[in-house]
Structures are given as structure tokens and as C-alpha cells.
Number of protein chains: 2
Amino acid sequence: MTSTREELTGEIQQRLIRFIAEVVLYNHAVSGKVGLGASDSQFMTLLQTYGPLTPRQLAEHTGLTSGTVTGVVDRLESHGFVTRRPDPRDRRKVVVTPSMEAIQDKLVPLYAEQGERMHAVLATRSVEELKTISEFLADSIAEADS
Amino acid sequence: MTSTREELTGEIQQRLIRFIAEVVLYNHAVSGKVGLGASDSQFMTLLQTYGPLTPRQLAEHTGLTSGTVTGVVDRLESHGFVTRRPDPRDRRKVVVTPSMEAIQDKLVPLYAEQGERMHAVLATRSVEELKTISEFLADSIAEADS
DNA sequence: TCGTCCCTTCAAGTATCTTGATAATCCGAG
DNA sequence: CTCGGATTATCAAGATACTTGAAGGGACGA
């Protein structure tokens, strides 16, 4: 029976790796179904995480060339996943905005199964435990942003 | 203050999405540093998760063609990330085994920073909370496998 | 106005994937 | 035991996608 702090933290780290692996694989499979390549999928993740971004910002986040970014945005736009809008403040810039409608229609349904499974797991937890889990996630996100 | 079960589960789901997004982006960045493409990275994840697999099994998991799998394994093998061995039971088959040495040398150091951050977050939890988190992860993994 | 920044375009090269064919092996029917 | 079908991995060739690097036009700011 693992019970000491050291044992538990080690156990959590291992399980986290395993859990993340599952998610990453699922993610990859879903992206393929919608016809999104690796960079396309990465862009969508960035846009959903950080909100609308300019091509330059996307290039900095991904390490890709500006030319490549234009191409990727072209693809995403032609599939309806993002929209391009000129920045009213600086007309050199372009703002790439994720299309919530397309995400809702095409992406979310593919994650429904995963969402249900997570819901089932959470349903067996007490309110107290849910708070613990939620705070843990919040802190992990905050730490990752730093 | 969120406190009802419904509010908490919703909050957790949102935070989970955000957390996973961070991890996926980090993953992608790390893979790029080592020179691993999307499929290469996916293969390594599969091999670390499920252990040694045959090319056919890799093809089924990923949806790629058998010819593509050969190419990907070639790349990984030339970089020392996996080894090919003939299956003694069925000599048509080949067993692709991840090289723990290469993973330890090249991959693990790149995740050190993330590991430290997670460690810092866990250090502020009580033993009781750690148990809750660990069990939650265990159940999530079990549910994902089904 | 001049220098700089931002996005786009285009041509060329590199990776990556698919297809179809090949060779080795296994397995079951006869 | 042997033959034929099925399975497995590999290879070669072609198509597709991706990325780079250079060049250009519009827009900002001093």
C-alpha cells in the first residue's frame, strides 16, 4: 500500500505520464479524422488556448517561418476552422480567430466519447474530492504558464 | 464560489482541456527539438505506453499504411530510438522495441523542467489530497483503456 | 521621407505518405 | 506431406504535403 508522500508523488507522476500519453494519442487520431495535419492541429490548440493571434505570434509560438504560417492559415481558413480579419489598430497585421462554430460542429462531437468517460469518473467522486482535483489542475496550469 | 457537484465537474472539464492543451504543445515542442516528426513521436508514445509492438500493430493503432510504418521505424532505428528484432515464434513478424537508453538520454532531460514544476505543485498537497489525485488518474486511465 | 515591421507570394527543395509489387513465412485443407 | 491461401514486412516509385528562403507591397512611426 503506497502511503508516504514520496511514494504517492512518484505514483502520480507515472500515472500522469500514462494519462497524457492516452490523451495525446486520442488527440492525434481525432485530428486525422478531420483532415488536420500536425501543424494545423497545433495551431488550433494554440488559438483555443491563447485566443486570437496574429501570424507573427503563431510563428513565434511554433518556430515556423512566416511563409509556412500563411500556408497553414490558408488551409485552416479554407476548411472554415479560422477566420482572418485585419487589425483595425495596425492595418499591417492580421488577426486569426478560431471559428467557434466550426469547432463546435466538427471537433467537439469527436471528443464526446472522451468527455463522457471523464464525466463517469467524476460522478463517483465526492464534492470534497472534486475540489481537490480542480485546485490541483488550476495550480498545474498556473505553473505551466510561468 | 463554485461548490455544487455540477459546477465543479464543469470546472474540472474546462481546466482539464486547458491542461492537456499545454501538455500537447509542450510535447510538440520537445519532439521538434529531437528531430522527431508527428508520426515518429506518436510511435514513441505508443511504444512507451503499450510496450514492444510489431509494425502491423503500429499500423493498426495509427491508421498508417504498412509501407509508411516501415519508413517511420527506419527513421527511429537510425536515430537509435528503437531496435528491430525478429519474432522467434513467428519469423514473418518483427518486434519493434523502444530503446530505454536513448529515451533516458535524449528524451527524459527535455521533460525535466515539466517534471520539476509538477513536483512543486504536488509538494503543496496533503497526503490525503495526493491519494485523491492519484486515484482519480488511475480511474481515468482505466476508463480510457476500455 | 526613410527605415522598419508585417503579411503574402512564389519557386525550389525536403519530408512524408500511398500504392502496388515482392519475398518470406505460417497455417490449414486435402 | 504438400499445396495454396493468407499474413507479414519490405521496397520502389509516384503523388502529396510541408518547409524554407527570397522578394515584394502595404502600413506604421520617427
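Here the structure is a predicted model, which is why all the values come from computation and not from measurement. Below, read A as the first sequence line, B as the second, and so on, with proteins coming before strands; counting in each chain starts at 1.
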Atom [atom1] of [X] and atom [atom2] of [N]: how far apart are they, to the nearest Å?
| X | N | atom1 | atom2 | answer |
| --- | --- | --- | --- | --- |
| A/E77 | C/dC7 | CD | P | 14 Å |
| A/K93 | D/dG29 | NZ | P | 9 Å |
| B/Q42 | C/dA15 | CD | C1' | 17 Å |
| B/R92 | C/dA23 | CZ | C1' | 13 Å |
| B/R89 | C/dA24 | CZ | P | 25 Å |
| A/L76 | D/dA17 | CG | C1' | 14 Å |
| B/R85 | D/dA9 | CZ | C1' | 17 Å |
| A/Q57 | C/dC5 | CD | P | 16 Å |

Once rounded to the nearest 0.5 Å, what's the spacing between atom [atom1] of [X] and atom [atom2] of [Y]?
| X | Y | atom1 | atom2 | result |
| --- | --- | --- | --- | --- |
| B/I20 | A/T49 | CD1 | OG1 | 11.0 Å |
| A/R84 | A/T70 | CZ | OG1 | 6.5 Å |
| A/Q42 | A/L47 | CD | CG | 10.5 Å |
| A/L58 | A/L53 | CG | CG | 5.0 Å |

Given DNA chain C, 5'-ward residue of the pair B/L36 and A/T68, judged by closest heavy atom =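 It is A/T68, whose closest nucleotide lies nearer the 5' terminus.
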
Nucleotide nearest [X] when distance is taken to its side chain, options [options]:
| X | options | result |
| --- | --- | --- |
| B/L64 | C/dC5, D/dA6, C/dT18 | C/dT18 |
| B/V94 | C/dC26, D/dA9, C/dC17 | D/dA9 |
| B/S66 | C/dC5, C/dT8, D/dT10 | D/dT10 |
| B/D90 | D/dT19, C/dT25, D/dC11 | C/dT25 |

Is any NZ, NE, NH1 or NH2 atom of the basic residue among A/D87 and A/R92 found under 4.0 Å from an Asp or Glu carboxylate oxygen of the other?
->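 Salt bridge: no.
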
May I ask you to verify whether the side chain of A/R56 and the base of C/dC6 hold a donor-acceptor pair under 3.5 Å?
-> no

Between the base of C/dT25 and the side chain of B/R91, is there a donor-acceptor distance below 3.5 Å?
-> no

Phosphate contact ([N] OP1 or OP2) by [X] side-chain N/O below 4.0 Å:
| X | N | answer |
| --- | --- | --- |
| B/T70 | D/dC11 | no |
| A/R75 | D/dC18 | yes |
| B/T65 | C/dC17 | no |
| B/T54 | D/dT8 | no |
| B/R84 | D/dA9 | no |

Modelled atom types, side-chain donor and acceptor of B/S66 and B/R56, under 3.5 Å |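 B/S66 vs B/R56: no donor-acceptor pair found between side chains.
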
Starting at the 5' end of DNA chain D, which residue's closest nucleotide do you reach first, A/S39 or B/D74?
-> B/D74

